[in-house]
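Residue numbers begin at 1 in each chain, while the letters A, B, ... track the order of the sequences.
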Protein chains: 2
Amino acid sequence: MESRELQGRVARLHYQHGMTHQEIGDLLGLSRVKVTRLLADARRAGIVEIRIHSSSNPFEDLETALVGRYGLQQAWVAPSFADARRTWDSVGMAGAECLRALVPTTGTVAIGLSSSVAAILPHLHPEPRPDIGFVPLAGSWGGMSRGMNPHELALKLGSAFGARTYHLPAPILASTPEAGAAFREDPGVRETMALAGGADLLIAGVGGMDRASGILVDALSAAERTQLAADGAVGDISARFFDTDGRGVPGRLDERVVGLSLEALSAIRHRVAVSFGPHKVAALDTALRTGLMNMVVTDVDTAKSLTGKTGTALPGTERKSG
Amino acid sequence: MESRELQGRVARLHYQHGMTHQEIGDLLGLSRVKVTRLLADARRAGIVEIRIHSSSNPFEDLETALVGRYGLQQAWVAPSFADARRTWDSVGMAGAECLRALVPTTGTVAIGLSSSVAAILPHLHPEPRPDIGFVPLAGSWGGMSRGMNPHELALKLGSAFGARTYHLPAPILASTPEAGAAFREDPGVRETMALAGGADLLIAGVGGMDRASGILVDALSAAERTQLAADGAVGDISARFFDTDGRGVPGRLDERVVGLSLEALSAIRHRVAVSFGPHKVAALDTALRTGLMNMVVTDVDTAKSLTGKTGTALPGTERKSG
DNA sequence: CGATGAATTGAACAATTGTTCAGCCATAGT
DNA sequence: ACTATGGCTGAACAATTGTTCAATTCATCG
């Protein structure tokens, strides 16, 4: 598109000279709608950058409360919205900020490929870090979900940072424990898993036990979910289910998983949980309380549930929130 | 006001998290209108900064045309609006940009105190240049006009740059030629005028001969204006009237002026005219054509009149403009 | 202690901005 | 040549943002 020039002109006329879309359209011989679209494009393309010169963080109180309650290294809270898509976007943006802050200039980053992590992608501005590598925490799952498969996810993540991406050539959940063992013994798989286990940073979603609270749980059969619940599972990180003490839930299902064990991933120093929603509060609380994860990216509603706090509001009467 | 913190929070929620004013109000326990006002304040306070990452200049063609036609060093063109106040604002903003670009880090800047120059003030962001001095081109006029007197103007200008400001202790127009001579011989006046004459940069308005086209002309009697017109005057710079050849108009009026002569101000290397409006086209054209001024800050309509150009429009049909 | 006036508030209104949708145009594939 | 297909357009509608104005609060002064 050679409209960069035009986008810039229109952006200047609107943001610097304060002209309305209609006035710009009249001046340049464009329709108002066209001007509106050029401006939206310009913002998406990053031609328009809005900076806030203030150290204030609107959700500082909730972030501090999370850090205090769970002894975290850091926490990121994003606003909640009635419209679920907007909340995904919002948390994704916070996740992108977290990544910008934490991704090192060299070393390895382990990634739990989940829809929460996928939500981060659209908000990553290219920022070259050629000397890092992104390694999946576990194998890939089959079908598409939310229009995103793990390959694509890892690739986009890598390309945003200009970094290497590794692939774990196995399903996240093999059909039998024996098949799982076979995959785990594959040299390629072992190598990649060793790399992930030695990572400096881990970013992963934390799933709950409800349907719709994670791609994986959704794919299990009713019997399998029942069994897991009976075994005390309250949530999972990349298919590794844990109980209220944060310990793994052994069993046939666990043996089918191709991916880092909870013990192995706990060896990674910096471990960020990206997770939100009422379905996931219990799982997330456990993961943070037991130290499985030591940082979190979540939304206001979830943060309030976790901390028991009521308000972000400054002075008097709070009203309905999101 | 200790609301800086709040302004920052609100600005973040709106511009970074994309929340509407209503949503922010609900979250923080404020009314929507209050949020709207906080955001407006934040923008005015510079907490919100909008940058356009593009080299495109919407009025490049007109600026280039002006530079080419008159052999100028540079030209600044701002959009015109149907609402006169908005056009003043617009040109004032362009003037501020011009100042940012041209005001040196050390030396002297001569200022023609006029309403055009006054329009620049609200758009100056503080930018310390402690080693420069602002010197008026001429004495001060008596009454308030557009709520701005020359003292105030010079003071604000100086304080925006953290610079020294000088004052010329005399009226711009003495009551008689003799009184004028007396003022000009005053040591303080001579000294300040000498300083102005040796300036590196000059910024001044260019007035036309109509009433309402300048504070000064407006203050003259009908007889005085008739006489000036008869003598061939087409405009003025700080009370120094000039004819179509850019030469001074001698006479009793000229002898009453306390301020730099046209010859003296022509010795300043960089001379910026800040002027716009149909009343001033003839005067501005003369000032630029004869080289009295060698840079200009004006609006689109005036620029079009000066260059004979029709359009800023890119492609096909242009429509009504401002 | 009440009067006065400036500053602040939010409801109602006005303007601007954003989105949807049906129609149009161009391209490519029969 | 004829028609799908997909992108592009702007009119109409919907939502958000900005402004005005009367009411109110609050501090100050008589």
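- Of the side-chain N and O atoms in B:R43, none sit less than 4.0 angstrom from OP1 or OP2 of D:dT17.
- Screening residues 14-24 of chain B for salt bridge (charged side-chain N to carboxylate O under 4.0 Å, His left out), with sequence neighbours left out, gives A:R86-B:E23.
- Under 4.0 angstrom from either OP1 or OP2 of C:dA15 there lies no side-chain N or O belonging to A:H21.
- For B:H123, the side chain to side chain contact (heavy atoms under 4.5 Å, CB included) criterion is met by B:D89, B:M93, B:A96, not counting sequence neighbours.
- Under the side chain to side chain contact (heavy atoms under 4.5 Å, CB included) criterion, A:R51 pairs with A:E49, A:H53, B:E49, B:R51, not counting sequence neighbours.
- In this structure, the CG atom of B:D26 is 13 Å from the P atom of C:dG10, given to the nearest Å.
- Distances shown here put a side-chain N or O of B:H14 below 4.0 Å from the OP1 or OP2 atom of D:dT17.
- As a whole-Å value, the separation of B:D41 CG from C:dT9 C1' is 14 Å.
- D:dT17 atom P lies 13 Å from atom CG of B:L13, rounded to whole Å.
- Distance, A:I24 CD1 to C:dT16 P: 12 Å, rounded to whole Å.
- Without hydrogens or angle criteria, B:S275 side chain to B:L284 main chain gives no donor-acceptor distance under 3.5 Å.
- Counting to the nearest Å, the P atom of D:dG18 and the CD atom of A:Q22 are 18 Å from each other.
- Every residue meeting the side chain to side chain contact (heavy atoms under 4.5 Å, CB included) condition with A:A119, not counting sequence neighbours, appears here in chain and number order: A:W88.
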Taking N or O atoms only and anything under 3.5 Å, show me the protein contacts with nucleotides 19-27 of chain C, one pair per line.
unit_1, atom_1, unit_2, atom_2, d
C:dT20, O4, A:R37, NH2, 3.2

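- When rounded to the nearest whole Å, the span between OH of B:Y15 and P of D:dT16 equals 16 Å.
- Distance CG (A:L30) to C1' (D:dT9): 12 Å, rounded to an integer number of Å.
- A salt bridge between A:D301 and A:K304 is absent, with no side-chain N of the basic residue lying under 4.0 Å from a carboxylate O of the acidic one.
- A residue-by-residue look at A:L39 and B:K34 shows that B:K34 has its nearest nucleotide of DNA chain C further toward the 5' end.
- Residues satisfying the side chain to side chain contact (heavy atoms under 4.5 Å, CB included) criterion with B:S305, sequence neighbours excluded, are B:V281.
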